[in-house]
Amino acid sequence: MAEKLLEIKNLKTSFRIKDDYFAAVDDVSLNVNKNEVLAIVGESGCGKSALAFSIMGLHTRAKMEGDILYKGENIVGISASKLNKLRGKHMGMIFQDPLTALNPLMIIGDQIGEALLLHNKELSKTQRKEKVINLLNKVGIPRAEYVYEQFPHELSGGMRQRVVIATAIANEPEILIADEPTTALDVTIQSQILDLIKDLKEDMNSGIVLITHDLGVVAEMADRVAVMYAGEIVEIAEVTTLFEEPLHPYTRSLFNSVPNASEEQDRLHVIQGIVPSLQNLPRNGCRFAPRIPWIDGSAHEAHPQLHEIKPGHFVRCTCYKHFHFPEEVRKEEEHHGVS
Amino acid sequence: MWKFSVRRILIMIPQLFVLSLLIFVLAKMMPGDALSGQIDPNIDPERIEELRIEMGWYDPWHEQYASWVGGVMKGDFGMSFRFKMPVTELIGQRIVNSFWLSVATLILTYLIAIPLGITSGRYNDTFRDQLITGYSYVGFATPLFIFALVMLWIFGFQLQWFPTSGSVEPGMQPGTFDYFMSKFYHLLLPALSMALITTFSTILYLRNEIIDTKQKDFILLARSKGASESRVYNQHIFRNSLLPIAAFFGFEITGLIGGSIFIENIFGYPGMGQLLIESISLRDFSVVTATTLLFGVASILGALISDIILSLVDPRIRIK
Amino acid sequence: MSKSLKWLFALMLAMLLVLAACGNDTAGDDDKKDDPKTDQEDPKDDGEKEDGEEPAEDDGLYSIDDFPREKTNEGEAIEGGRLNFGLVSDTVFEGTLNYNFYSGAPDAEVIAWFDESMLYTDGNFTFTNDGPAEFTTEPYETDEYPNGVTFTFTIKDNVNWHDGEPVKAEDWAYSFEVIGHPDYTGVRYGADFSNIVGMDEYNAGEADTISGIEIVDEKTLKITYKESQPSLLTGGVWSYAMPKHIFKDIPVAKMQESDAVRKNPIGMGPFKVKSITPGESVVYEKFEDYWRGEPKLDEVVLKVISPKTVVQALETGEVDMVDEFPSDQFVDNADMSNVEWLGNTDLSYSYIGFKLGNWDAEQKKVVMDPEKKMADVNLRRAMWYAVDNNAVGEKFYNGLRWNATTLIIPPFADYHNADIETPTYNPEEAKKILDDAGYVDVDGDGIREDKDGEELVINFASMSGSDVAEPLAQYYIQSWEAVGLKVELIDGRLLEFNAFYDRVGQNGEDDPNIDIYAGAWGTGTDVNPYGLYGADQMFNFPRYESEKNTELLLAGNSTDAFDVAYRQEVYKEWQELMVEDIPVFPTLYRALLMPVNKRVQNYSLEYGSTMGRHEIAVTQEEPFKH
Amino acid sequence: MEANTTNVEIKTKEVIKSPSGFSVVGRELIKDKLALISLIFLIGITAFVYGTALFLDQDEIVRVDLFSIYEPPGEEFILGTDYGGRDVFGQLIIGTRNSLSIAILVTLMTGIIGILYGLISGYFGGHVDNIMMRILDFFLILPFTMIVIAFVAIVPKYGVWTFSLIMTAFLWMQIARLVRSKALAEKELDYIQAARTLGTTNFKIMFRHLLPNVSSIIIVTMTLNLAANIGLESGLSFLGFGFPESTPSLGTLLSYARNPQTLEYRWWIWVPASLMILLLMLAVNNVGTALRRAVDARQRRG
Amino acid sequence: MGFLKVEDLKVHFPIKGGLFGRTLDYVRAVDGVSFTLEKGKTYGLVGESGSGKSTTGRAIIGLNHVTSGKVYFEDKEITGETKAKSDFRKDIQMIFQDPYSSLNPKKRVIDLVAEPIRNFEKLTRKEERIRVQELLELVGLNPESILKYPHEFSGGQRQRIGIARAIALKPKLIIADEPVSALDVSVQAQVLNFMKEIQDELDLTYLFISHDLGVIKHMCDHIGIMYKGRYVEEGSAKEIFENPQHIYTKRLVAAIPDIDPRKREEMKQFRAEVNTEYEQSYNDYFNEEGLAYGLKPISDTHLVALPEKG
């Protein structure tokens, strides 16, 4: 059975803007199991990256409430040194842009080696180098000995991302957080990197949190999917369930708006309105309601909760029951799509 | 990089050529000559005329320039009229002083600026930071020469901690340890005065760099590796922020040349800046042209050194 | 001591040594002090008559007469000791350390400690037999040179170079051979040398030896001059020897840059050069075999100090004495407790010059031009009346400069005409003169027009450099404006010294726009003003000549003028002529001040003092501090 | 008709919201008390100095008065007199005005030259840029002091304009470089490319598109330069190449401190001018820094 | 005869180096590209980063210097036309990738949209405003927002402003350089839909440059695949997606993640096969420098880069 590695309970991460705090991650509860890929999907500004950063404790000036339990131990608000013992050893992170995620002045070997050094002080220099080279081999970098001495700018984007991954997995962490790991890459590279992550997961038996906006990537990678909108999770389900039976209006809209290489569509679905900014998030009621104005207000809950529709399939707000695409009623609607 | 340096140096030759021409023409346009200062009823004006003719003062300027350039090509900058010695030798004496003054100033500048800049950048917007930036602004606003005079007055005369003129205690044997210490002691106060005033730009620059670097992705990566704050700063942020400072190094030289003119004057320190001003005023033109040319070379080399340093420490540039 | 230098340098305000550029304040007045001679002038009494009620010093006024000229104070001198001597200069010393080659005043100061003249002078700046050499003269009459004179010099036995070699006649003769040599690079060669028989031929390269110079024996030298003149006795004979045994192998053209001049110079003075830090400092040690006896001090350290820091250096005892003290800093420091102030009248004067003609480069003489704006002597006289030099001296200089009366300065006591009547501040008189001369205000704007009723704007050239240069110039302009004359600074600003002398006419190319200028001359030790006012002299900047002027100036330096009474009469007449013709009018005489630490003994500022530097002693190891 | 009125309304509303408007700067200033005080001080001192200077007779102030030399501050002379017996307070006011005028003049001239030069060099790039940068490099190695001294000696009438021109000759490079590098970076952005595809001429692109987008950094730099230029004139005066005393400036007042006696005993001559320079520079700097912050905030795209 | 015809287009960027900054070599960004566009259709140019697809588009409109080759627009050569006011500038417009950087942040909407109009037509202020408002309405923006600044709009809205500007002169051809890559999926849908609409309305021809095969398939009639500055395959959308011939195309198509999670394993296997094939037959499809060969037709519309021998 699934072993809970990470359990997030009612996490609320707020940022200070002017004199107020605004929650970018709002009451999120999740768990990540061993040997599982949990994908978190959403559009920019939905809070998915903020969630990833919260887990890693990388926000320096955010207010965090709620619990993040790593193997049952709360890591919210623990001391920096404790957190540092955790980070890199038990939890690793892969960043979106491999171009900026590597220190331009350090050779590859040292950057990966640093992760080893920090958590395994006994290793001698040569041992460390040996391990780094193993890691480089493991992430599929040819001529690892040579690359060891190279600087980031000498590598291609795909190679750099492999280096970032090697850094993240140096200590075989149980949790790997991948924040849009392939967004900056070409599609052929993307598939290689995705395959690599998958293989590593199998290898290390770890739990992976995959942050992405690309439904194709989700379909390829995820075991379970959480869809986020406006700081909240609006739907969680097993990947097949979600792709076959998306329920929440947002999830459904998202699916309908992606041009798909495998099927012909003349028109794509358009979600009305715009993604609200952090300061303008509707904090009461269904946060998606303003973007589906044709759905009657009464369809929404006053305080939308996640409902477990089927085992493991949660949907927020009751509006899903009443949702339909306007095209189905009136084809012209989207002409309007402007505030 | 080698090619790059050679190319830069080749580019600088025509620049220096134009510079020397400009200086030469300007010098010729200035009223008076090295003999104006010899007006004296007991020196025969005819002797002065004779000397002018010997000096070639009445030759067409382009001929004078040509012969000057010809000399320079052979490494001969002519004779200083005032000092009656070859310019090369004269500058040789002075440049050592200026060189060490500059080195000391640079070292002091960095000794002061780097810790302050780092503190200010790391703890930005704290009280400490405001204190340091406050100092920087005041430093920015204080004219160098007033500050130097005050320093001289307080530390040289009131407290008598430092000597107040010259570059070395009279009578020291060159080459001895005492001589060296005496030289060092003499340049400390001028160097400190100049350094304190010139630090501000470095501090502010470093501060901004650090604040900038702090937000870079690779810092996040370092944190996610489990690096402690101090390690993040020492290993990642400082190294990356100090890089542009290192690059600044060469450009500081140009600034130092300007500053040394004031400082050497106030502290009676016989260096190149003082020599230049005196030589212009006394129309010792061979020295003027040689000195300005040398300053030009120094500025260009400064820029070149900056580029080279940058290419040495920054692997991204190194490869090109 | 007698360092009877021919201090010729134009001290012209300032500048020489001091760089305008470096903005040194004192610049204005540097000049040189020097030698021996008494003067007992009156100058101060102007100071007193000014505001009478209070003693001078209480109202911030000082008089040169209140200063002692010698430092001989009480206390027991200690054996040996080390004296710190400050050379006040904004610039370094050049390091041409030989009397035959140096060109800057700081160098001369450095040389003075280790070398000296073969001939000392007295209070009238006339050669005596007290120095290393004695001399006799006899007429030399030939057809070619009916007025010639032969000097026979005998060098005293115990006079030695620092390296132990005796000073010989050939050493002295050698300095003539070097200066007269066609390859000579210095500035010393001039009329005094071409006056030697055979020098012209030697100088032109036509002769290998100078026929007028004869080495009689090791210690005896004979020099024959074509023309016998009093000036020969006041510095006209070159009195500095060169150690031939050291220089003989160095080509003359290379001597100036040789180590023998720059790095290890030797002389015959009381101290030997021990080490030199180029431009900055020199350490001397005593020369035990000095011919006048072993010096009392063990060591002398000379170092350059900036006029900006001279006061502090004195107060802290960093230096015991300085070669000259910037007089504008005196007032604030008169109470310095650890020094005694010596003072004397400086060998210089400032003046206002009027451009009266042009320089004829062909004929090498002055040509007067009656069309010049300043051609009317009444205008010039009125301008003299219009300025209050006493007030200037008191207010700007606290009495350390005072109204000058004639162009022969008080230190030339025999020749200075103390009784002469010269215009002094009287604006009413000035106005009257102008009215009478036809300079009246035609258009009623308060400014006088010229005699033809045309607008009259007088262009005034004045030199920058000293702190007070600008207000001083402004003050003169205001004073003239007060009598209705419109005077404007040329270019609207002060001129830097190079530009000033270029335009005033150091090359003979006078700027025609300049009508009047403010200048200053260092007179040197020769009273003869011919070099500045002779009709064929380039430095005759007013471009003034008259028959009488020429006649008097020639008479003043003729063989007849060896008769002091005759010469006095001639120069008296000349001084009166100058007050009558007013090609220039003198404005201020200056004080020369020297602070000396209280531990120092036996130092004299007296012109012609026989007190030598070897006698200087200190009463304690450490200097007194303020 | 109706559309028109709406537009007007929109306009007024938008101007306030517009990021390039003064509101951001204003807000930044209000938030930053120090900068606000600095600004008020600057405006106040400028108004006072220029206003008062209208009523002061410069000729009268620089008139030498032998009977009031070195008066300490007192009733007759608020800030005493200098060695020419001239009123220091009056000189301070006129000097501040002169110095400010010069600093502003130099800042503007360097700004204009630097902007033009930098825009052309950066926008056209390639060989044009190459050559222009070599020329700029050449200016950078010119020995400032030497040339200034030479100019002062050669130029007969040395006044505010000549002075400013010389200053400008040595100071335009910084802005030119800055503008160039900004222009180089900015011209790669699509909006410039877009303008080219829309048929906009190079000239228009440079001045209508590039310039406004580098303007904020230019304004900030020029403000900071203004502060530096105030100090610059005093430096030259120290070397003896400032203005004649008949044209008082903060530099001439300050240069009196070259005289050690004045430095030590007659503080009233140079201390007020030093303080004035210090305060002016600090104030301008504070305002400049606040401006920079405002500009940065905008660059984060609000 | 073609609407837009590109013949053997080459864009080389010099690599400077050596002592005197001589040109040592060239980056062959576009190295011999030929294709023809038909009026009213959408032509897709696909490739990975660095393939030269954007450079091609920019070279056509004159933003990049053409090293050699020719571009004909309506049978008129427009290669190297640099005059700002030439006619073709009216007829060919461009939509840029980044709606943030392609709009001058200092300009209001009216100035942005009116810029081309001001360059080519003389209109009164009022006419101009009416025209701009019409355009805004056409792209689905509130015509009253003409005085707003770009930062007040969302990404999709900005891209519409960019489009409004591009169609202001009623162009015939629009070069769309990755018009939706920077946008979120939902916004992307808006823009794509809209582009299709105005294509019909204004009889536009698109040269649609993208790396996203999904988008390309959705939008394009014809597709050209580029690799290292050369074409590897060209054909109708159907041909490319259903019958890719060149090994590179195959690999590209295979790399697209499938939206169906159930096909995951299948896809993985398929990809692995394609990759193996790619590695094995690499030398058959690329020359020694790793560049593609010239195009050979395999049907009327379908061309593939194959070596001479076949």
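Protein chains get the first letters and strands the later ones, always in sequence-line order, with residue 1 at the start of each. This is a predicted model, so every value here is computed, not measured.
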Indicate yes or no: at least one non-hydrogen side-chain atom of B/L220 is less than 4.5 angstrom from one of A/F95. yes
So what's closer than 4.5 Å to chain B heavy atoms on A/L116: side chain, backbone, both or neither? neither
Atom CD1 of B/I219 and atom CG of A/N103: how far apart are they, to the nearest 0.5 Å? 6.5 Å
What part of A/T167 gets within 4.5 angstrom of chain B, counting heavy atoms only: side chain, backbone, both, or neither? side chain
Scored by heavy-atom pairs under 4.5 Å with chain B, the best of A/I177, A/L117, A/L105, A/N171 is A/L105
Is it the side chain or the backbone of A/A115 that comes within 4.5 Å of chain B heavy atoms, both, or neither? both
Under a 4.5 Å cut-off applied to non-hydrogen side-chain atoms, are A/M93 and B/R223 in contact? no
For the atom pair OG (B/S224) and CD1 (A/I55), what is the distance rounded to the nearest 0.5 Å? 13.0 Å
Which heavy atom of A/H119 sits nearest a heavy atom of B/G226, and at what distance? NE2-CA, 3.9 Å
Quick one, B/R239 and A/M106 - any side-chain contact, counting heavy atoms below 4.5 Å? yes
Does A/K85, at its NZ atom, have more than 12 non-hydrogen atoms belonging to other residues, nucleotides or ligands within less than 6.0 Å? no
In terms of heavy-atom contacts, does OH of B/Y185 have more than 12 from other residues, nucleotides or ligands at under 6.0 Å? yes
Residues A/L118, B/R231; criterion side chain to side chain contact (heavy atoms under 4.5 Å, CB included); working and verdict: CA-CA 10 Å; A/L118 287 167; B/R231 189 179 168 88; 3.3 Å; yes
Are more than 12 heavy atoms, taken from residues, nucleotides or ligands other than B/E229, located less than 6.0 Å from that residue's CD atom? yes
State, yes or no, whether a side-chain contact exists between A/N84 and B/K225 at a heavy-atom distance under 4.5 Å. no
Region of A/Q111 in contact with chain B, defined by heavy-atom distances below 4.5 Å: both
